[in-house]
Structure formats: structure tokens, C-alpha cells
Trainee: 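Dropping a structure here in C-alpha cells format, bear with me for questions.
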Amino acid sequence: FIKQGMAAHPGKIKLVIRYAPFHQGSSNIVRILEASKKQGKYWETLQLLYKTQGQWTQHHHVKIEQVWPLLPQAGLNVEQIKQDMHAPEIAKVIQQDLADAQTLNVRKTPGFFVNGKPLEPFGYQELSRLIQNEIREKYPE
């Protein structure tokens, strides 16, 4: 849906992804995603992890040992990811995003904000409406 919206409104929608690793082990997934940027495979990794989430989570807990065998499907060097994911700059990203989540009163994931406005209630129609309203307001014809 997000990709479709961005394609339908080129230059009018900017996607910013922030992390809220609230669940046990989820900070490791964030670390993997951030480390995948060093290999130029962020979007492939994100897509793979969303697609296979049922394989590596159980009752909202990350089973990291189930993640490693999946990562080559995104074209990743797993041993390099295991090293890079512990970089101090990645820890800073997580720390800042958690602080921002607290400031914005984010309590669950996933969540969306459009120009600082939280999506409530959560849903496809509601998100579509919020995006359309913001586009009309920011880009009057």
C-alpha cells in the first residue's frame, strides 16, 4: 500500500521508518536491518523479514536462530551482518528511536504518523484517508 501511494504521488510522500523494538529480541532485528544498509540490501532485508515474520517469531518473541538461515535470500553476507550489527552507531539509532517513541507516546507496532499526526484508529482506509487529506492540504491544485 505504501509503495503504491508513493508511486501515485511522486515527490509528495516521503517514507521515514523508525524503530520501536518493544518485543523480546526485536532489537536484534533492528540491528540486522541497519547492518544490511552496509551491504546495500536494506529494502530487500526489510521485505524478506516482513514476509517471513511467522517463521522467526513466536508469541511476539524473536527467535534469532531462525533468522540467520533466511538472510541469504536477501543477498546478505550473514557473517558480516553478525559483525556489523554490533556497531555503536546502530545502538545510537535504536536509543534515539526509542526515545522518540516515548516522546510520541508510541505503545505498539506497527504505527503510522502522517506529518506528525498519528493514525488512529489503525487501518488501511484510515491511513489512506489521512494521506489523501495531507496531500490535499500540502499540495492544493
Trainee: Can you see which heavy atom on Glu89 is nearest to which on Lys38, and at what distance?
Mentor: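 That closest heavy-atom pairing would be OE2-NZ, 3.4 Å.
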Trainee: Stepwise, does the side chain to side chain contact (heavy atoms under 4.5 Å, CB included) test hold for Ile2 with Phe112?
Mentor: CA-CA 11 Å; Ile2 300 298; Phe112 288 88; 3.8 Å; yes
Trainee: To the closest 0.5 Å, what do you measure between CD (Gln80) and CG (Leu71)?
Mentor: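 Reported value, rounded in 0.5 Å steps: 13.0 Å.
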Trainee: Tell me the closest heavy-atom pair linking Ile94 and Pro21, and the distance in Å.
Mentor: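 Shortest heavy-atom separation between Ile94 and Pro21 comes out as CG2-CG, 4.0 Å.
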Trainee: Answer yes when Glu134 and Lys12 have at least one side-chain N-carboxylate O distance shorter than 4.0 Å, and no when they do not.
Mentor: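 No.
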Trainee: Is there side-chain contact between Phe113 and Val106, with at least one heavy-atom pair below 4.5 Å?
Mentor: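 The answer is yes; the side chains approach within 4.5 Å.
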Trainee: Would the number of heavy atoms belonging to other residues, nucleotides or ligands and lying under 6.0 Å from NE2 of His60 be above 12?
Mentor: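 It does not: His60 NE2 has 12 such atoms or fewer within range.
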Trainee: Heavy-atom distance under 4.5 Å between the side chains of Asn115 and Leu130, does that happen here?
Mentor: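 With C-beta onward as the side chain, the pair stays apart.
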Trainee: Apply the test side chain to side chain contact (heavy atoms under 4.5 Å, CB included) to residues Ile131 and Ile13: give CA-CA distance (whole Å), side-chain angles for both, the deciding distance (0.1 Å), then the verdict.
Mentor: CA-CA 9 Å; Ile131 290 171; Ile13 297 175; 4.0 Å; yes
Trainee: Val93: what forms a side-chain contact (heavy atoms from CB on, under 4.5 Å) with it, not counting sequence neighbours?
Mentor: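 In terms of side-chain contact (heavy atoms from CB on, under 4.5 Å), with neighbours along the sequence ignored, Val93 is linked to Tyr19, Glu34, Asp97.
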Trainee: Measuring from atom OG1 of Thr52 to atom CG of Leu70, what distance do you get when rounded to the nearest 0.5 angstrom?
Mentor: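 Interatomic distance, Thr52 OG1 to Leu70 CG, rounded to 0.5 Å: 4.5 Å.
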Trainee: Could you check whether any side-chain heavy atom of Leu46 comes within less than 4.5 Å of a side-chain heavy atom of Leu33, counting everything from C-beta outward?
Mentor: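 Side chain of Leu46 against side chain of Leu33, heavy atoms only: contact under 4.5 Å found.
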Trainee: For Gln102, which residues count as a side-chain contact (heavy atoms from CB on, under 4.5 Å) partner, sequence neighbours excluded?
Mentor: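 None.
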Trainee: When you measure from the side chain of Trp68 to the backbone N and O of Val78, does any donor-acceptor pair fall under 3.5 Å?
Mentor: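 It does not hold such a pair.
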Trainee: Can you pull the salt bridge (charged side-chain N to carboxylate O under 4.0 Å, His left out) pairs that have at least one residue in residues 49-71, sequence neighbours excluded?
Mentor: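 Non-adjacent pairs meeting salt bridge (charged side-chain N to carboxylate O under 4.0 Å, His left out): zero.
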Trainee: Does Gln47 CD have over 12 foreign heavy atoms under 6.0 Å away?
Mentor: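 At most 12 heavy atoms, drawn from other residues, nucleotides or ligands, come within 6.0 Å of this atom.
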Trainee: Is Phe122 close to Leu127 at the side-chain level, that is, under 4.5 Å between some pair of heavy atoms?
Mentor: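 Side-chain contact under 4.5 Å: no.
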Trainee: Taking the side chain as every heavy atom from C-beta outward, state whether Val67 and Asn28 have any pair of such atoms under 4.5 Å apart.
Mentor: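 No; the side chains remain at least 4.5 Å from each other.
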Trainee: Give the minimum heavy-atom separation between Ala35 and Ile81, together with the two atoms involved.
Mentor: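 It is C-CD1, 3.7 Å.
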Trainee: Please report the interatomic distance CG(Leu48) to CD(Gln53), rounded to the nearest 0.5 Å.
Mentor: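 One finds 11.5 Å between CG of Leu48 and CD of Gln53.
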Trainee: Taking all heavy atoms of Tyr139 and all of Gly11, pick out the closest pair and write down the distance.
Mentor: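 It is OH-O, 3.7 Å.
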Trainee: Rounded to the nearest 0.5 Å, what's the gap from OG on Ser27 to CD on Gln95? Could you check?
Mentor: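 Rounded to the nearest 0.5 Å, the OG-CD separation comes out at 12.5 Å.
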Trainee: Would you name the heavy atoms of Ala74 and Lys41 that are closest together and state the gap between them?
Mentor: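 Closest approach of Ala74 to Lys41: O-CD, 3.4 Å.
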Trainee: Find the distance between CD1 (Ile90) and NZ (Lys37) and round it off to the nearest 0.5 Å.
Mentor: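 With rounding to 0.5 Å, CD1 (Ile90) is 8.5 Å from NZ (Lys37).
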Trainee: Anything under 30° is parallel, anything over 60° is perpendicular, the rest tilted; go ahead and classify Tyr124 against Phe1.
Mentor: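 Geometry flag for Phe1 against Tyr124: perpendicular rings.
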Trainee: Would you say Leu15 and Met6 make side-chain contact, with heavy atoms under 4.5 Å?
Mentor: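 Result yes, sub-4.5 Å side-chain heavy-atom pair found.
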Trainee: Indicate the atoms forming the closest heavy-atom contact of Leu76 with Ser36, along with that distance.
Mentor: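 Reported closest heavy-atom pair: CD2-CB, 3.9 Å.
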Trainee: Does the Gln66 side chain pair with the main chain of Thr57, one donor and one acceptor, at a distance under 3.5 Å?
Mentor: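 Not at all, since once roles are kept as given, no pair shorter than 3.5 Å links the two residues.
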Trainee: Nearest 0.5 Å, please: how far is CE in Met85 from CD1 in Ile29?
Mentor: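 That separation rounds to 8.0 Å.
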